[in-house]
Amino acid sequence: MNKTAVVILNWNGKALLEEFLPSVTAHSANATVYVADNASTDDSVAFVEQNYPSVKLIVNSGNYGFAKGYNEALKLVEEDIYVLVNSDVQVTENWLKPALALFNADAATGIVQPKILDYKNKFMFEYAGAAGGFIDKYGYPFCRGRIFETIEKDHGQYNNTAEIFWASGACFFIRKNVYRELGGFDEDFFAHQEEIDLCWRAFNKGYKAVFCPESVIYHVGGATLSTANPRKTFLNFRNSLWMLLKNLPAAKLFPVLFARLVLDGIAGMRFLAQGEPKHFLAILKAHYFFYAKLFYFLNKRESTQKRHYYKTDSIVIKYFLKNGKIFEEPINNTL
């Protein structure tokens, strides 16, 4: 039987730990719960020590962000399955068992995502993952239950176990051996889209990511950076370009990147038209970092990339020009 570690990454999140750690400890009886702290300056560590003696603490020496923060902490975690959970997540009774069963059912399953609903509106999917993620040809992410800013109500439409392309970092199950084989998250990303990059690298090596509808969690979202923060815009656009550079199949590398740069330019002009110059500048900055690190990330490419990585040619065209606001379920996607 696989041993399981539930690992919560924390940075100055005492208030979140006070609110959400109780559900994790109450409903994770057969797992070891860890809090990995990114050198918090509040009383997070003392709070866990004093109130949760059964929770294991890992204290990083700096605020390493999401990617390096987890990489450093997981060097010290030896359970077979890692369950990475944001500090603003409420879990539910029996959330672990059905997800873990998927690993036992298929050795090729390397990653699993639960159903992610909105903590503030529990009948709605939550932006960061919903019922499992995909990307389009140009690397724009979307989910079953969420395309861009359109979020669906959960009425059971995605209650099927299905293979997906990426799982949300808000709650991310992964085999330890797969995580270590891939070298963990790409630390250059710092935060945002590093989980998609990791899933893409897993996909290129033949592992599957699977959505588990019987495992349900509730996510606050935006507790670290809100969607209105230009820093988030910068990280999302920069990291998406780096991800494409690393993982696109060779034949599509430069045509897709060129088209993506054009689409990003259109997005920047849209921000300007909406009176949001800081987000326009964030996209310009993202492109600067893309060019500055061009050869560095070309050298990070693996030897093999699968051709059929995307579900639809352009979610941008489908969403903005063809009113494709709702996810369309592919045929025979149930596992």
Start with the C-alpha distance between S44 and W11, add both sets of side-chain angles, then the distance that settles side chain to side chain donor-acceptor pair (under 3.5 Å), and finish with yes or no. CA-CA 8 Å; S44 295; W11 180 69; over 6 Å; no

Beyond-backbone contact of F172 with L198, side-chain heavy atoms, under 4.5 angstrom: yes

Do other residues, nucleotides or ligands put more than 12 heavy atoms under 6.0 Å from the NZ atom of K56? no

Quick one: does R175's side chain have a donor or acceptor within less than 3.5 Å of a partner on G110's backbone? no

Linking I/L/V/M/F/W/Y whenever any side-chain heavy atoms sit under 4.5 Å apart, do W166 and L245 land together? yes

W200 and I135: which non-hydrogen atoms are nearest, and at how many Å? CZ3-CD1, 3.6 Å

F148, CZ atom: more than 12 neighbouring heavy atoms under 6.0 Å: yes

Give a yes or no on whether the backbone of P98 and the side-chain of S215 come within a donor-acceptor separation of less than 3.5 Å. no

Between atom CD1 of I8 and atom CD1 of I58, what is the distance when rounded to the nearest 0.5 Å? 11.5 Å

Taking every non-hydrogen atom, the tightest pair across N86 and G169: OD1-O, 3.3 Å

My understanding is that only residues two or more places apart in sequence, or in another chain, count here; which of them pass ring pair (Phe, Tyr, Trp, His ring centres under 6.0 Å) with Y52? F47

Checking K153 against N121 for the side chain to side chain donor-acceptor pair (under 3.5 Å) test, could you report, in this order, the C-alpha distance in whole Å, the side-chain angles of both residues, the deciding distance, and whether it holds? CA-CA 9 Å; K153 183 176 181 179; N121 187 349; over 6 Å; no

About how many Å separate NZ of K115 and CZ of F211, when rounded to the nearest 0.5 Å? 6.0 Å

Face-on cation placement of R146 at Y127 ring, 6.0 Å and 45° thresholds: yes

Mark yes or no for whether D88, through its side chain, and G221, through its backbone, hold a donor-acceptor pair below 3.5 Å. yes

Once the angle between the rings of F125 and Y158 is folded into 0 to 90°, is it parallel (under 30°), tilted (30 to 60°) or perpendicular (over 60°)? tilted

Candidates Y310, F142, F134, F203 - the one meeting ring pair (Phe, Tyr, Trp, His ring centres under 6.0 Å) with F165: F203

Side-chain touch S23/Y218, heavy atoms, less than 4.5 angstrom: no

Could you check whether the rings of F189 and W242 sit parallel, tilted or perpendicular, using 30° and 60° as the cut-offs? tilted

Mind checking whether N38 and L9 have side chains closer than 4.5 Å, heavy atoms only? yes

Taking atom NZ of K97 as the centre, does the number of heavy atoms from other residues, nucleotides or ligands within less than 6.0 Å exceed 12? no

Short N-O contact, K176 and E78, less than 4.0 angstrom: yes

May I ask you to decide whether D136 forms a salt bridge with K318, counting only side-chain N to carboxylate O separations under 4.0 Å? no

Following the transitive rule for hydrophobic clusters with a side-chain heavy-atom cut-off under 4.5 Å over Ile, Leu, Val, Met, Phe, Trp and Tyr, establish whether V77 and Y179 coincide in one cluster. yes

Around atom CD of E93, are there more than 12 heavy atoms from other residues, nucleotides or ligands closer than 6.0 Å? no

Got a donor-acceptor contact below 3.5 angstrom from the Q113 side chain to the A130 backbone? yes

For residues N239 and A191, report the shortest heavy-atom separation together with the two atoms involved. ND2-O, 2.8 Å

Kindly check if the number of other-residue, nucleotide or ligand heavy atoms within 6.0 Å of NZ (K325) is above 12? yes

Closest non-hydrogen atoms of E126 and A128, given as atom of the first, atom of the second and distance, are OE1-N, 3.0 Å

Has K122 got more than 12 heavy atoms of other residues, nucleotides or ligands less than 6.0 Å from its NZ? yes

Can you measure from SG (C212) to CG (N160) and round to the nearest 0.5 angstrom? 11.0 Å

Quick one: do the N12 and T41 side chains pair a donor with an acceptor below 3.5 Å? yes

For this output row, return yes or no: ring centroids of F185 and F66 closer than 6.0 angstrom. yes

Interatomic spacing from SG in C199 to CD in Q193 - rounded to 0.5 Å: 11.5 Å

On a heavy-atom basis, the closest approach of H219 and V89 is CD2-CG2, 3.6 Å

Measuring centre to centre across the rings, with the benzene-like ring taken for any Trp, is Y70 within less than 6.0 Å of Y82? no

Report yes or no: do L84 and V91 belong to one cluster of Ile/Leu/Val/Met/Phe/Trp/Tyr joined by side chain heavy-atom distances under 4.5 Å? no

According to ring-ring contact (aromatic ring centres under 6.0 Å, His included), does anything in residues 13-40 pair up with another residue at least two apart or in another chain? List the pairs. F20-Y119

Verify, without hydrogens or angle tests, whether E187 (side chain) and K68 (backbone) share a donor-acceptor contact under 3.5 angstrom. no

Closer than 3.5 angstrom, by distance alone: can the side chain of D37 be matched with the main-chain N or O of V59 as a donor-acceptor pair? no

Out of I81, T32, V35, V83, which one pairs with V6 under the side chain to side chain contact (heavy atoms under 4.5 Å, CB included) rule? V83

Here the pair of heavy atoms bringing D264 nearest to H287 is OD2-NE2, 3.0 Å

Once rounded to the nearest 0.5 Å, what's the spacing between atom CG of L100 and atom CG of N30? 9.0 Å

Would a 4.5 Å heavy-atom cut-off, applied to side chains only, mark L16 and V220 as touching? no

Looking at R201 and D186, is any side-chain nitrogen of the basic one under 4.0 Å from a carboxylate oxygen of the acidic one? no

Examine distances only and state if a side-chain atom of R144 and a backbone atom of G132 form a donor-acceptor pair shorter than 3.5 Å. no

For residues L253 and F295: do they belong to one hydrophobic cluster (side chain heavy atoms under 4.5 Å, members Ile, Leu, Val, Met, Phe, Trp, Tyr)? yes

Any side-chain donor-acceptor pair under 3.5 Å between Y319 and T150? yes

Honestly curious: do M269 and F320 fall in one hydrophobic cluster under the side-chain, below-4.5 Å linking rule? no

